[in-house]
Amino acid sequence: MTDRPLRIATWNVNSLRVRLAHLLRWLAERSPDAVCLQETKLTDEQFPVAEIAAAGYRSVYSGQKTYNGVAILLREERCGPEEDIVRELPGLEDPQRRLLALTVEGTRIVCGYFPNGQSVDSEKYQYKLRWLAALSAWLQGELARHPRLALLGDYNIAPADEDVHDPALWKDQVLCSVPEREAFARLLGAGLEDAFRLFPQPERSYTWWDYRNLAFRRKMGLRIDHILLTHALARSCTGCTIDVGMRRLEQPSDHAPVVAELALPS
DNA sequence: ATGGCATGACAATCATGA
């Protein structure tokens, strides 16, 4: 049996307009097959379809002005046609563009830009919990229909203390609060596995570092960007890494990409 | 110290991020 590995990835680019050169360089270096992007901050009319096509990728996107915006890039050489595109989270009245899903190569790819929540006593935190509830409800049906499903994105949740540079400082704060971690645990309970934790990893592995206070150099980060896989996909996963190098570039995104390799039977 | 830095809309500051 010949396996054709499928490399899937997620990256919060914090403005695709500003980060396009970084993205094109990273696509050439890593040649991921399916890339979930968050915080594109572009309307659909503004999406750089031509530049990304020149790099060998099709673009599917759901954007808005100024904030949010998600996209999935598919490598032409590896990916057949995409199907069953969903551009917003069903079951939630929400103008914010934070969810995009499609099926390609027999695999359901779900890209999410989970709400930040701002602080646990804010209205935005309540919105975050509502969004998480709607995601779980919608995923039930998706998981029933798609044994091979991957949920990739900026979750804005650090699932455990080992994902936090200073757990005492962040205890019960937004991104680390108990209700948020319970929502993450519900996703695992629904049949998903954290691809990053399937393998031994370096200590202090994070995906986001504040722009301020030299946080990256001081390893003051959080692991909030994740790739969750159904059990069927987890069995085929041969590795999951964080491309920390992208955070070292000039004018970087504050997030680094996460990449998982799947040895899918063809 | 409610800031530090970055982005976008807008035209001097303000909303948002995490």
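First the proteins, then the strands, lettered A, B, ... as listed; each starts at 1.
- Between A:I224 atom CD1 and B:dA18 atom C1' the separation is 6 Å, expressed in whole Å.
- Look at the P atom in both B:dC14 and B:dG4: the space between them is 13 Å, to the nearest Å.
- Here B:dA15 presents its P atom at 16 Å from CD of A:Q96, a figure rounded to the nearest Å.
- What separates CH2 of A:W208 from P of B:dA18 is a distance of 8 Å, to the nearest Å.
- To the nearest angstrom, P of B:dA6 lies 11 Å from CD of A:E250.
- Between A:K41 atom NZ and B:dA15 atom P there is a gap of 15 Å when expressed in whole angstrom units.
- Using a 4.0 Å cut-off, some side-chain N or O of A:R17 falls inside it from OP1 or OP2 of B:dG8.
- Contact between the side-chain N/O atoms of A:S15 and the OP1/OP2 oxygens of B:dG8 is found at a separation under 4.0 Å.
- Mapping A:Y113 and A:R19 onto DNA chain B via the closest heavy atom, the residue that lands nearer the 5' end is A:R19.
- Comparing A:P252 and A:N156 against DNA chain B, the residue whose closest nucleotide sits nearer the 5' end is A:P252.
- Taking 4.0 angstrom as the limit, A:K65 places none of its side-chain polar atoms (N or O) nearer than this to OP1 or OP2 of B:dG8.
- The residue A:Q251 sits close only to the backbone: its heavy atoms come under 4.0 Å of sugar-phosphate atoms, none of a base.
- A:H22 has its NE2 atom 12 Å from the P atom of B:dA6, to the nearest Å.
- Within the 4.0 angstrom heavy-atom criterion, only backbone atoms of the sugar-phosphate kind lie near A:N12; the bases stay farther away.
- The shortest side-chain heavy-atom distance between A:W26 and A:W11 falls under the 4.5 Å cut-off.
- In this structure, a donor-acceptor pair under 3.5 Å is absent between the side chains of A:W209 and A:H255.
- One P atom belongs to B:dG3, the other to B:dT16, and the distance between them is 14 Å to the nearest Å.
- Heavy atoms of A:N68 sit nowhere under 4.0 angstrom from any nucleic acid atom.
- Residues A:W138 and A:I157 share a hydrophobic cluster, clusters being chains of Ile/Leu/Val/Met/Phe/Trp/Tyr side chains in contact below 4.5 Å.
- Straight-line distance from the CG atom of A:N116 to the P atom of B:dA6: 18 Å, rounded to whole Å.
- Nucleotides B:dT2 and B:dA18, compared at atom P, are 23 Å apart to the nearest Å.
- Using a 4.5 Å cut-off on side-chain heavy atoms (C-beta onward), A:I8 and A:L6 make contact.
- Atom CZ in A:R247 sits about 12 Å away from atom P in B:dA18, given to the nearest Å.
- Note on A:H255: every side-chain N or O is 4.0 Å or more away from OP1 and OP2 of B:dG17.
- In this structure, A:Y155 reaches neither bases nor backbone, as no heavy-atom distance under 4.0 Å exists between it and the strands shown.
- The separation of B:dA1 from B:dA11, taken at their P atoms, amounts to 36 Å, rounded to a whole angstrom.
- For the residue pair A:R97/A:N68, the side-chain donor-acceptor check at 3.5 Å is not satisfied.
- Checking B:dA18, B:dG8, B:dT16 against the side-chain heavy atoms of A:V18 singles out B:dG8 as nearest.
- Side chains of A:R223 and A:T207: a donor-acceptor N/O pair is absent below 3.5 angstrom, by distance only.
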